[in-house]
Amino acid sequence: MKYFNKVLSFRQPKSKLPALLRPPKANEALKNYLKTHSATRAIVFFRKLWRQNPSAVDSYSSLYVLKVCTQESLTVEGRQLHAMVKKVGFEPVIFLQTCLIEFYSKMGDVDYARRIFDEVCCKNAICWTSLITAYIDNNMARKALTIFRQMLMNKIEPDQVSLTVALAACADLGALCVGEWIHAYTCRKYGIKIDLCLSNALIDMYLKCGQIRAARRLFCISREKDVFTWTSMIVGHALHGQSVEALDLFARMRQTRSSVKGSKPSVLPNDVTFLGVLMACSHGGMIEEGKQYYKSMMDDYGLWPRLPHLGCMVDLFCRAGLLEEAYGFISGMLVQPNALIWRMLLGACCNHGNIELGGKVRLLLSKLDPTHTGDDVTLSNMYAGRGLWNEKMMVRDSIGCRRVPGCSSIEVAFEVNEFVAGDNHHPLKAEIYNVLEHLMGIVRSHSHIPDASDINSY
DNA sequence: TTAGGGTTAG
């Protein structure tokens, strides 16, 4: 606690605190302070409250400050506050515990978030949802789904929010079966209202799992659509090579109007929407349309292109074989192009047999990303395409021992009962591991790629 | 007076 005082004592608020301010008045004062001052000053205010009169601080005020620490990524201050919460005995307050799970997750310490979760006595749906979100935010979608299963096994009924985050995990993993199960659950379970977020999550899950028709069906029956709904569907069509459908949807989005006659569009596209539009143009070979949308994005909507938009434009030129135009576009970019952008052009040079430009781009890439041997392989393939075998061998030799051996992996999916999946001691689990071991034996022997017949013959 | 949610190139 000494450290808490020491670190935060370098800035003192100029205003004097009323003597012996107690909750809830102290909390009102803190909330007002949070609205009108910076996060750091609000924390200093909180500390002064606590130092002047410890009874002025309660779990409510601690929660307000912890939320600020989470929002502003104030790692040190958040940890100090956690220490204070422990010291004054607020730790068992579930609201604080839930917020601490989110805080540690945002700091990237998902293990500590899990520790907090384990300490919660009576875990409710919100608490479980926070842990599931923590794993998703830290790129551990598989773990997130495991927690979701455990939540069900612990007889905690999921609500709209827990189902929405579980769907995000399904979308990340391409776990269609679980996603469909959640969809069925939302329809049959009394009390679950499919709100806008849940509906959007369902559409996104179906799109990420390659079920574009199912996604479009849901999109069509959604009464309420916001920019997320439209954007998800536009991006989905674009990624599936359905450029006409994506652009048609974008045109319809721009025509959305509220019930007031002559009003402005009710849903405005954002920069992600334009990413979908530009992807649709590049995948559909629509050069002129792509250029127009790119211009409209800035002129009509005031949206400044980010690197992904610029990448889409480069992709648009490269796919059409307009290599010099792509080179000119990259060279004129106000944002520093990264290796991925240049690599896109290198790949196009290889596809279109432009060795001269390819060599120039390779030289630029060797300075940006010297360890990437794949660029040398692309260059050597370009030489091979022209029958320049000596040059090819020279480039291949220059790679030498820098080459990292390739590897590949396969995923074997089993459809098992939810309760078997979540129970590590279930007898069927051992049987599944035996089948997996059998399949791995086939992989190791290099005899053939295992398929369903190998499982049937086991 | 307090806690949890959705869209992004190659």
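The chains referred to below are lettered A, B, ... by the order of the sequence lines, with proteins before strands, and numbering in each begins at 1.
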Return the set of residues passing salt bridge (charged side-chain N to carboxylate O under 4.0 Å, His left out) with [X] (not counting sequence neighbours), or none when no residue passes.
X         : result
Asp111(A) : none
Lys367(A) : none
Glu224(A) : none
Arg79(A)  : none

Students often get this wrong, so: under 4.0 angstrom with heavy atoms, is [X] touching a base, only sugar-phosphate, or nothing?
X         : result
Ser282(A) : nothing
Leu96(A)  : nothing
Cys197(A) : base
Leu202(A) : nothing
Asp315(A) : sugar-phosphate
Gln97(A)  : nothing

Quick one: [X] [atom1] to [N] [atom2], roughly how many Å, whole number?
X         : N      : atom1 : atom2 : result
Tyr60(A)  : dT1(B) : OH    : P     : 9 Å
His283(A) : dA9(B) : NE2   : P     : 9 Å
Asn27(A)  : dT2(B) : CG    : P     : 10 Å
Ile341(A) : dA9(B) : CD1   : P     : 13 Å
Leu167(A) : dG4(B) : CG    : P     : 20 Å
Lys106(A) : dG5(B) : NZ    : P     : 11 Å
His240(A) : dA9(B) : NE2   : C1'   : 15 Å
Leu100(A) : dT2(B) : CG    : C1'   : 13 Å

I want to verify a distance call: between [options], whose nearest atom is closest to the [X] side chain?
X         : options                 : result
Leu340(A) : dT2(B), dT8(B), dG10(B) : dG10(B)
Val161(A) : dG5(B), dA3(B), dG10(B) : dG5(B)
Lys31(A)  : dT1(B), dG10(B), dG5(B) : dT1(B)
Thr98(A)  : dG4(B), dA3(B), dG10(B) : dA3(B)
Asp58(A)  : dG5(B), dT1(B), dT7(B)  : dT1(B)
Ser130(A) : dA9(B), dG4(B), dA3(B)  : dG4(B)
Ser162(A) : dG5(B), dA9(B), dG4(B)  : dG4(B)

Subject >> side chain to side chain donor-acceptor pair (under 3.5 Å) partners of residues 121-140 of chain A, not counting sequence neighbours, each pair once >> reply: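 Listed by first then second residue: Ser105(A)-Asn138(A).
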Using the benzene-type ring in the case of Trp, are the ring centres of [X] and [Y] under 6.0 Å apart?
X         : Y         : answer
Trp181(A) : Tyr185(A) : yes
His82(A)  : Tyr104(A) : yes
Tyr327(A) : Phe317(A) : no

Original post:
Cys312(A): what forms a side-chain contact (heavy atoms from CB on, under 4.5 Å) with it, not counting sequence neighbours?
Top reply: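 Cys312(A) satisfies side-chain contact (heavy atoms from CB on, under 4.5 Å) with Leu275(A), Leu278(A), Met279(A) only.
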Short of 4.0 Å, heavy atom to strand atom, which residues of [range] count as contacting DNA chain B?
range                       : value
residues 116-126 of chain A : Asn124(A), Ala125(A), Ile126(A)
residues 266-279 of chain A : Asn270(A), Val272(A), Leu275(A), Met279(A)
residues 346-360 of chain A : none

**OP:** Please collect all salt bridge (Lys or Arg N to Asp or Glu O under 4.0 Å) contacts where either partner lies in residues 157-186 of chain A, sequence neighbours excluded, each pair once.
**Re:**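 The answer is Glu157(A)-Lys189(A).
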Original post:
Pairs in or reaching into residues 267-285 of chain A: which pass salt bridge (Lys or Arg N to Asp or Glu O under 4.0 Å), with residues at least two apart or in two chains?
Top reply: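 For residues 267-285 of chain A, and leaving out neighbouring residues, the salt bridge (Lys or Arg N to Asp or Glu O under 4.0 Å) pairs sorted by first residue read Asp271(A)-Arg306(A).
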**OP:** Could you tell me whether the side chain of Tyr64(A) has a donor or acceptor atom within less than 3.5 Å of a complementary atom in the base of dT1(B)?
**Re:**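 For Tyr64(A), whose side chain was compared with the base of dT1(B), there is a donor-acceptor pair (under 3.5 Å).
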Subject >> N/O donor-acceptor pair, side chain Thr129(A) with base dG4(B), under 3.5 angstrom >> reply: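 Indeed there is one.
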Original post:
With distance as the sole test, does Ser380(A) use its side chain to make a donor-acceptor pair with the main-chain N or O of Val377(A) at under 3.5 Å?
Top reply: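 A pair under 3.5 Å: yes.
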Original post:
Among all residues two or more places apart in sequence or in another chain, which pass the side chain to side chain donor-acceptor pair (under 3.5 Å) test with Gln242(A)?
Top reply: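 So Gln242(A) forms a side chain to side chain donor-acceptor pair (under 3.5 Å) with His237(A).
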Original post:
Going by atom types alone, do Asp375(A) and Thr378(A) pair a side-chain donor with an acceptor below 3.5 Å?
Top reply: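 Checked: Asp375(A)/Thr378(A) side chains show no N/O donor-acceptor pair below 3.5 Å.
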Original post:
When you check the phosphate oxygens OP1 and OP2 of dA9(B), does a side-chain N or O of Arg306(A) lie under 4.0 Å from one of them?
Top reply: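 No.
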**OP:** Report yes if at least one side-chain N or O of Lys67(A) is closer than 4.0 Å to OP1 or OP2 of dT2(B); otherwise report no.
**Re:**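 False: Lys67(A) side-chain N/O out of range (4.0 Å or more) of dT2(B) OP1/OP2.
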